[in-house]
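Notes follow once the structure below has been shown.
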Amino acid sequence: MSASTAQASAVQSDAKGAHLTPRQLAEREGVPLQTVYIWNMNGTGPRIMRIGRHVRYRLADVLAWEESQLDPKPAA
């Protein structure tokens, strides 16, 4: 495998890992898939990205949304 092929493969695998499907988001958060769809309808979940008719979540947006869900004060 040439260096450029290996690099292209690494970029491709990074790109695949950088986006989550609604099912993957539900599994990550430990909630039913229906909850993710409700978040989408209400605009309360992570920012969505549409690729054609498919919904995806950028990992960076998911991480930012998770951070925003933390309680403002740590438990004592």
Side-chain angles (χ1 to χ4, degrees):
M1 180 183 299
S2 71
S4 63
T5 304
Q7 185 178 15
S9 180
V11 168
Q12 211 170 33
S13 69
D14 284 348
K16 288 180 184 174
H19 298 96
L20 301 175
T21 65
R23 183 173 306 281
Q24 289 170 324
L25 179 63
E27 289 172 5
R28 177 184 176 91
E29 302 303 331
V31 299
L33 182 57
Q34 188 62 34
T35 298
V36 173
Y37 292 137
I38 291 169
W39 290 343
N40 290 348
M41 285 188 333
N42 295 338
T44 56
R47 203 169 143 199
I48 67 171
M49 177 173 128
R50 293 194 186 276
I51 302 174
R53 63 183 181 142
H54 303 283
V55 171
R56 295 292 181 266
Y57 302 88
R58 291 187 306 185
L59 184 55
D61 291 332
V62 171
L63 294 173
W65 176 78
E66 288 173 343
E67 187 70 24
S68 76
Q69 299 304 301
L70 293 174
D71 284 336
K73 295 181 184 177

Side chain to side chain contact (heavy atoms under 4.5 Å, CB included) partners of Asp71, counting only residues at least two apart: none

CG on Leu59 to CG on Leu25, rounded to 0.5 Å: 10.0 Å

Cluster link Val55 to Val31, ILVMFWY, side chain under 4.5 Å: yes

For Tyr37 against Pro22, the heavy-atom pair lying closest together: CE2-CB, 4.1 Å

Pairs flagged by side-chain hydrogen bond (donor to acceptor under 3.5 Å, both in side chains) wherever residues 45-61 is involved - sequence neighbours left out: Asn40-Tyr57, Arg58-Asp61

Qualifying side-chain hydrogen bond (donor to acceptor under 3.5 Å, both in side chains) pairs with a residue from residues 26-36, counting only residues at least two apart or across chains: Arg28-Glu66

Same cluster (ILVMFWY, side-chain, under 4.5 Å), Ile38 and Ile48: no

